[in-house]
Amino acid sequence: VRFYDDLIKGKIVLINMMYVRCAGICPGMTANLLRVQKALSDRVGHDIFMYSITLSPQEDTPEVLKRYAEAYKVKPGWSFLTGKSQDIETLRTKLGFRDPDPALDVKKSEHIGVVRYGNEALARWGATPALSTVKGIVRAIRWMDKSVSPLI
């Protein structure tokens with residue numbers, strides 16, 4: 001797939017970066033985002049799309065990511081993605097999934113645990129810790145939606 005044309009253009013999205021063998025915050029982020037997916041209900045996969053991109057494409061093959069999503073009972077509308085290492089690194093940098101400390105930024109185990117959310121059509125973008133409250137993340141997503149008042 002093409003990241004912008006196929007995944008982002010004209011959509012409301014949530015994006016996080018993770019890897020399957022993470023012994024840090026990844027399992028907690030995935031569990032929390034699963035609660036977000038449940039709170040957003042049938043909107044996920046229709047007008048809201050969720051993407052988790054692996055930081056470890058050599059290990060996290062499509063089959064490994066599929067098993068990971070199945071283990072968490074992820075519903076349709078949330079995709080776990082991999083790709084070429086350089087492409088993922090470019091996305092990580094351009095999307096702001098970087099630690100400002102270069103010494104920490106090179107360590108995969110120290111990746112930042114945020115979720116980026118946005119509405120490309122309205123050019124509205126933000127980020128929040130992936131371990132934020134479900135209510136807070138859902139409120140941010142609703143702010144992205146042009147059909148819902150941003151004051152909700």
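Values below: all heavy atoms of this structure, side chains included; hydrogens, waters and symmetry mates excluded.
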Fill in: Result of checking T128, I12, V44, V13 against I141 for side-chain contact (heavy atoms from CB on, under 4.5 Å)
I12
Item to complete: Looking only at non-hydrogen atoms, find the nearest pair between I88 and G83 and report the distance.
Response: CD1-N, 3.5 Å
Discussion item. Checking T61 now: which residues fulfil side chain to side chain donor-acceptor pair (under 3.5 Å) with it, not counting sequence neighbours?
Written reply: E63
Worksheet entry | L91 side chain near I15 side chain, heavy-atom distance below 4.5 Å | no
Worksheet item: Are V138 and K135 close enough, and set up right, to give a side chain to side chain contact (heavy atoms under 4.5 Å, CB included), and what steps lead you there?
Response: CA-CA 5 Å; V138 168; K135 184 177 181 178; 5.9 Å; no
Worksheet item: Got a sec, which residues hit side chain to side chain donor-acceptor pair (under 3.5 Å) with T54, two or more places apart in sequence or on another chain?
Response: D60
Item to complete: Looking only at non-hydrogen atoms, find the nearest pair between A127 and R116 and report the distance.
Response: CB-CD, 3.8 Å
Response to the item:
Sorted by chain and number, sequence neighbours left out, salt bridge (Lys or Arg N to Asp or Glu O under 4.0 Å) with R98 holds for D105
Response to the item:
Residues G10 and A121: closest non-hydrogen pair is CA-CB, 4.3 Å
Fill in: Plane angle bin for Y68 and Y72 - parallel if under 30°, tilted between 30 and 60°, otherwise perpendicular
tilted
Worksheet item: Any chance NZ of K11 has more than 12 other-residue heavy atoms, nucleotides or ligands included, within less than 6.0 Å?
Response: yes
Worksheet item: Can you check whether L81 reaches L65 side chain to side chain, under 4.5 Å on heavy atoms?
Response: no
Practice prompt. Could you walk me through whether R92 and E89 pass salt bridge (Lys or Arg N to Asp or Glu O under 4.0 Å), step by step?
Written response: CA-CA 5 Å; R92 187 182 77 82; E89 182 59 22; 2.8 Å; yes
Item to complete: Report the distance from atom NZ of K75 to atom CE of M50, rounding to the nearest 0.5 Å.
Response: 12.0 Å
Worksheet item: Quick one: are D87 and F3 in side-chain contact, heavy atoms under 4.5 Å?
Response: no
Worksheet item: Donor-acceptor pair, R124 side chain versus W143 backbone, under 3.5 Å?
Response: yes
For residues 20-29, which side-chain N or O atoms pair as donor and acceptor with protein atoms under 3.5 Å away, sequence neighbours left out?
none

Discussion item. If I compare all heavy atoms of P129 with all of I137, which pair ends up nearest, and what's the gap?
Written reply: O-CD1, 4.1 Å
Worksheet item: Which atoms form the tightest heavy-atom contact between N32 and A130, and what is the distance?
Response: ND2-O, 2.7 Å
Worksheet entry | Interatomic distance, K73 atom NZ to L34 atom CG [nearest 0.5 angstrom] | 9.5 Å
Worksheet entry | Any residue meeting salt bridge (Lys or Arg N to Asp or Glu O under 4.0 Å) with E120, in chain and number order, not counting sequence neighbours | none
Worksheet item: Which pair of heavy atoms, one from N16 and one from V114, lies closest together, and at what distance?
Response: CB-O, 3.6 Å
Response to the item:
So ring pair (Phe, Tyr, Trp, His ring centres under 6.0 Å) across residues 112-135, not counting sequence neighbours, yields none
